[in-house]
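What follows is one structure encoded as structure tokens, with my remarks underneath.
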Amino acid sequence: MFLKSLVLKGFKSFADTTKLDFEPGVTVVVGPNGSGKSNLVDAISWVLGSQSPHAIRSGKMEDVIFQGSKKRAALGRAEVSLVFDNESGTIPMDFPEIKISRTLFKTGESEYAINGSVCRLMDVADLLSDGGMGKSQHTIVSQGEVDTVLNDRSEERRLVIEEAA
Amino acid sequence: MFLKSLVLKGFKSFADTTKLDFEPGVTVVVGPNGSGKSNLVDAISWVLGSQSPHAIRSGKMEDVIFQGSKKRAALGRAEVSLVFDNESGTIPMDFPEIKISRTLFKTGESEYAINGSVCRLMDVADLLSDGGMGKSQHTIVSQGEVDTVLNDRSEERRLVIEEAA
Amino acid sequence: IANAFEVAFSDIAASFEQLFQIAFPGGEGKLSLSNPENPLETGVDITARPGEKSIKRLSLLSGGERSLVALTFLFSVIKCRPAPFCILDEVDAALDDINLCRFLDLVAELTNDTQLLIISHQKRTMEAGDYLYGISMPTEGITKVISEKKSSNQTSNQETNQLEN
Amino acid sequence: IANAFEVAFSDIAASFEQLFQIAFPGGEGKLSLSNPENPLETGVDITARPGEKSIKRLSLLSGGERSLVALTFLFSVIKCRPAPFCILDEVDAALDDINLCRFLDLVAELTNDTQLLIISHQKRTMEAGDYLYGISMPTEGITKVISEKKSSNQTSNQETNQLEN
Ligand SMILES: Nc1ncnc2c1ncn2[C@@H]1O[C@H](COP(=O)(O)OP(=O)(O)OP(=O)(O)O)[C@@H](O)[C@H]1O
Ligand SMILES: Nc1ncnc2c1ncn2[C@@H]1O[C@H](COP(=O)(O)OP(=O)(O)OP(=O)(O)O)[C@@H](O)[C@H]1O
Ligand SMILES: [Mg+2]
Ligand SMILES: [Mg+2]
């Protein structure tokens with residue numbers, strides 16, 4: 001069970017449709033300051049269902065829609081899709097590939113889909129929880145956040161272990 | 001008006017008496033992780049009268065006394081002295097050099113001195129305030145603290161400007 | 001539920017001690033329950049002694065040391081209860097050359113069971129990846145993913161520099 | 001007191017706009033009062049637009065961009081109301097090569113009136129210093145200051161590497 005591909009459109013600085021393919025193993029992402037690397041991480045947290053604008057450095061959720069630049073007008077929606085390789089059957093669904101999508105419109109409306117069929121946030125959450133990705137707080141380490149686990153109170157470190165257990 | 005020298009003895013990892021001389025201009029301090037660079041910064045905040053153990057990464061003030069290692073026994077006190085060049089007369093005292101010292105004993109007793117004469121914390125605070133170093137919160141940027149000024153509420157940024165004014 | 005936590009804790013604590021030897025050869029790290037009599041509510045504490053230094057509170061550790069202790073904890077959780085993937089955004093920013101190598105040794109402990117996506121500015125980390133993605137902004141404000149190199153052994157230094165800038 | 005603040009604010013705001021051009025050529029940065037009708041209590045807000053991107057909330061800026069905006073603010077305060085000295089502990093950790101050069105250009109704006117002590121792991125920062133101090137721990141747990149090089153133009157690359165490791 002691993003990430004196979006990620007498609008972004010209108011998410012933060014990803015104004016143009018962008019696709020990244022992944023393999024098992026270690027992928028390193030490089031680039032200058034402000035080019036969009038952390039935005040990529042935000043996109044993955046977001047498509048997995050993050051409900052906290054703060055966790056993806058935003059004030060309100062609409063902040064994730066491409067806001068325009070001198071050369072390009074703002075867009076009306078942000079859309080991210082993440083495809084998992086499910087050949088190992090980790091997620092109990094009869095699909096070798098599972099695609100999760102999330103769309104946010106400027107109006108504030110939100111849409112989720114699994115393999116193209118519209119669903120609720122709760123369906124996405126259940127699916128991820130079946131796949132052992134219930135709580136990704138210790139598996140996605142945001143920029144500057146490495147040593148929060150040392151500052152956390154003892155009880156919060158317990159939670160990390162409990163969620164992984 | 002500038003820093004001329006710093007002497008550390010028994011302060012954190014500076015078990016042996018150590019002296020650094022400074023010139024006007026830019027001094028860069030380098031070295032591996034854990035070697036003592038930030039401890040140097042802590043020593044300067046501390047000798048200038050910092051009353052917050054938290055600001056120098058400590059739980060209680062006694063944490064700054066050298067706690068010993070496999071090869072060296074713990075020490076009974078920490079002592080730091082900082083000498084200013086006062087040829088410009090910025091500090092209204094008839095001395096071309098002004099030395100501020102602070103000592104902390106394992107018992108918790110604390111001692112301050114100006115040019116070798118024991119004094120109170122308040123005397124040190126007044127002297128620094130005369131020298132334009134009243135509040136050094138924006139002039140000492142600790143490791144990892146650079147962007148706190150962006151996270152601060154508007155009122156806290158005002159304070160930075162007010163204290164410098 | 002207490003049992004799942006206690007079993008997980010015992011595995012993760014053993015793994016933490018082992019990984020700590022990789023991160024800090026000659027040092028000693030332990031996880032402990034803050035309140036062993038109360039397994040339903042106890043928190044988890046971290047004790048860390050880099051090398052031959054004496055054990056002291058975590059806040060006194062250096063920036064690089066704290067990053068490495070935190071990563072050792074997170075990786076020991078992931079090693080015992082593998083997540084399908086793990087995303088690290090510039091977690092190596094505070095590490096000097098030696099600790100960077102140790103961090104990469106820790107990463108190697110996870111790669112069999114967990115897919116890793118690592119954002120980094122460090123050359124050694126780039127070289128350790130199986131795959132490399134370059135992110136840039138040739139049109140200001142709009143991210144472009146400019147290349148993927150399969151098996152970064154084939155990536156010349158020139159290409160790595162080009163991706164980074 | 002309101003008058004001292006308002007005069008200082010007006011100087012610092014002008015300086016911020018000027019320094020912002022050095023940090024982010026082609027961009028636009030401003031300081032503003034959060035509550036102009038209430039000069040006794042108003043806070044201070046920062047607006048920042050790197051390059052040709054559109055203005056958005058500060059939290060959406062990248063790690064490197066945030067460091068540079070924060071430093072521009074602090075330096076504009078110090079430039080207008082010079083402090084005798086300023087200490088920076090690894091403030092350049094998040095900066096890529098281009099932004100590192102711009103940071104050093106900002107540093108150059110302060111050196112006439114303020115003595116700088118900069119802790120860094122970055123080679124360019126080491127090269128920009130007038131003086132270099134190397135910190136190490138040949139005996140574990142005990143800091144040793146191993147050298148001072150006058151005028152770092154004379155420091156060979158080999159010596160710089162030796163100091164760093
Ligand atoms: N909704 C949006 N629309 C357009 N641009 C955005 C939006 N949200 C964020 N950005 C831009 O994305 C950039 C930040 O990108 P990101 O944080 O991914 O950079 P980074 O590559 O991680 O850089 P660093 O190396 O400094 O951490 C900022 O310049 C910001 O202005
Ligand atoms: N009271 C003390 N007695 C002995 N050693 C101490 C004491 N307080 C701190 N230390 C040690 O000092 C070291 C930290 O030093 P410091 O924070 O200055 O490192 P640094 O050079 O800034 O490293 P980095 O590059 O990782 O930031 C730690 O290993 C810590 O154990
Ligand atoms: Mg980033
Ligand atoms: Mg440090």
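Just so you know, these numbers come straight off a predicted model, no measurement behind them. Chain identifiers are assigned alphabetically (A, B, ...) following the order of the sequence lines, protein sequences preceding nucleic acid strands; residue numbering begins at 1 within each chain.
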query = Looking at C/Met137 and A/Ser35, what are the two nearest heavy atoms and their distance?
reply = CE-O, 3.7 Å
Non-hydrogen side-chain atoms of C/Ile118 and A/Val26 separated by less than 4.5 Å = yes
query = Heavy-atom distance under 4.5 Å to chain C: side chain of A/Ile44, backbone, both or neither?
reply = side chain
task = Would you name the heavy atoms of A/Lys37 and C/His121 that are closest together and state the gap between them?
result = NZ-CE1, 3.9 Å
inquiry  = Given heavy-atom pairs under 4.5 angstrom as the criterion, report whether the side chain, backbone, both or neither of A/Leu159 touches chain C.
reply    = neither
Minimum heavy-atom distance C/Ala8-A/Ala165, with the two atoms named = CB-CB, 3.7 Å
request  = Compare all side-chain heavy atoms of A/Met133 with those of C/Pro84 and state whether any distance is below 4.5 angstrom.
outcome  = yes
Heavy atoms of other groups near C/Lys144 NZ, more than 12 under 6.0 Å = no
query = Side-chain contact, heavy-atom cut-off 4.5 Å: C/Ile46 with A/Leu150?
reply = yes
task = Select one option (side chain, backbone, both, neither) describing which atoms of C/Ser59 are under 4.5 Å from chain A's heavy atoms.
result = neither
query = Counting only heavy atoms not in A/Lys99, do more than 12 fall under 6.0 Å of its NZ?
reply = no
inquiry  = To the closest 0.5 Å, what do you measure between CD1 (A/Ile140) and CG (C/Asp89)?
reply    = 10.5 Å
remark   = Between C/Thr42 and A/Arg158, the two heavy atoms sitting closest are O-NH1, 2.9 Å
remark   = Of C/Asp92, C/Leu68, C/Leu88, C/Leu71, the one forming a side-chain contact (heavy atoms from CB on, under 4.5 Å) with A/Val146 is C/Leu71
task = Could you list which of residues 99-115 of chain C have a heavy atom closer than 4.5 Å to any heavy atom of chain A, in residue-number order?
result = C/Val107, C/Thr111, C/Gln115
remark   = Looking only at A/Asp21, A/Val160, A/Asp16, most heavy-atom pairs under 4.5 Å shared with chain C are made by A/Asp21
task = Report yes if the side chains of A/Val29 and C/Ile135 come closer than 4.5 Å at any heavy-atom pair, otherwise no.
result = yes
note = Applying a strict 4.5 Å limit to non-hydrogen atoms, the region of A/Ser142 in contact with chain C is backbone
ask   = So with a 6.0 Å cut-off around CZ of A/Arg77, is the heavy-atom count from everything else above 12?
value = no
ask   = If you count heavy-atom pairs under 4.5 Å between each of A/Glu156, A/Gln143, A/Gln67 and chain C, which one has the most?
value = A/Gln143
key: Residue, of A/Gly25, A/Gly36, A/Ser69, A/Gly68, that accumulates the most heavy atom pairs under 4.5 Å with chain C   = A/Gly25
key: A/Ser13 portion near chain C, given a 4.5 angstrom heavy-atom threshold   = both
remark   = Only residue of A/Glu163, A/His138, A/Arg157 satisfying side-chain contact (heavy atoms from CB on, under 4.5 Å) with C/Val77 is A/His138
key: Leading residue by heavy atom contact count with chain C [cutoff under 4.5 Å; candidates A/Leu3, A/Val41, A/Leu8]   = A/Leu3
key: Toward chain A, the part of C/Ile119 with a non-hydrogen atom under 4.5 Å   = both
key: Among the listed options A/Leu40, A/Leu20, A/Thr148, A/Asn39, the residue most often paired with chain C at heavy-atom distances under 4.5 Å   = A/Leu20
remark   = The reported gap from NZ in A/Lys70 to CD in C/Glu140 (rounded to nearest 0.5 angstrom) is 9.0 Å
key: Residue C/Ile142 versus chain A: region with a heavy atom under 4.5 Å   = both
query = Looking at A/Ile161 and C/Ile12, what are the two nearest heavy atoms and their distance?
reply = CG2-CD1, 3.8 Å
inquiry  = Within the 3.5 Å criterion, strictly below it, is a donor on C/Asp45 or A/Ser154 matched to an acceptor on the partner's side chain?
reply    = yes
request  = Decide yes or no for C/Tyr133 and A/Val28: does some side-chain heavy atom of the first lie under 4.5 Å from some side-chain heavy atom of the second?
outcome  = no
remark   = Heavy-atom closest pair (A/Val149 atom, C/Ala70 atom, distance to 0.1 Å) is CG1-CB, 3.6 Å
key: A/Asp152, part contacting chain C, at a heavy-atom distance under 4.5 Å   = neither
message = Just to be sure I understand the criterion: a residue of residues 20-34 of chain C counts if one of its heavy atoms is under 4.5 Å from a heavy atom of chain A. Which ones qualify?
response = C/Ser34
inquiry  = Rounded to the nearest 0.5 Å, what separates atom OG1 in C/Thr143 from atom CZ in A/Phe11?
reply    = 11.0 Å
task = Please state whether the side chain, the backbone, both or neither of C/Phe9 comes within less than 4.5 Å of a heavy atom of chain A.
result = both
inquiry  = Counting only heavy atoms from other residues, nucleotides and ligands, does the tally under 6.0 Å from CZ of A/Phe95 exceed 12?
reply    = no
inquiry  = Using 30° and 60° as the class boundaries, would you call the ring planes of A/Phe84 and C/Phe85 parallel, tilted or perpendicular?
reply    = tilted
ask   = When rounded to the nearest 0.5 angstrom, what is the spacing between OG1 in A/Thr27 and CG in C/Leu116?
value = 8.5 Å
message = Let's test your reading of the structure: which of C/Val69, C/Ile78, C/Asn35 forms the most heavy-atom pairs below 4.5 Å with chain A?
response = C/Ile78
inquiry  = Heavy-atom pairs under 4.5 Å with chain C: which of A/Gly132, A/Ser45, A/Gly144, A/Pro24 has the most?
reply    = A/Pro24
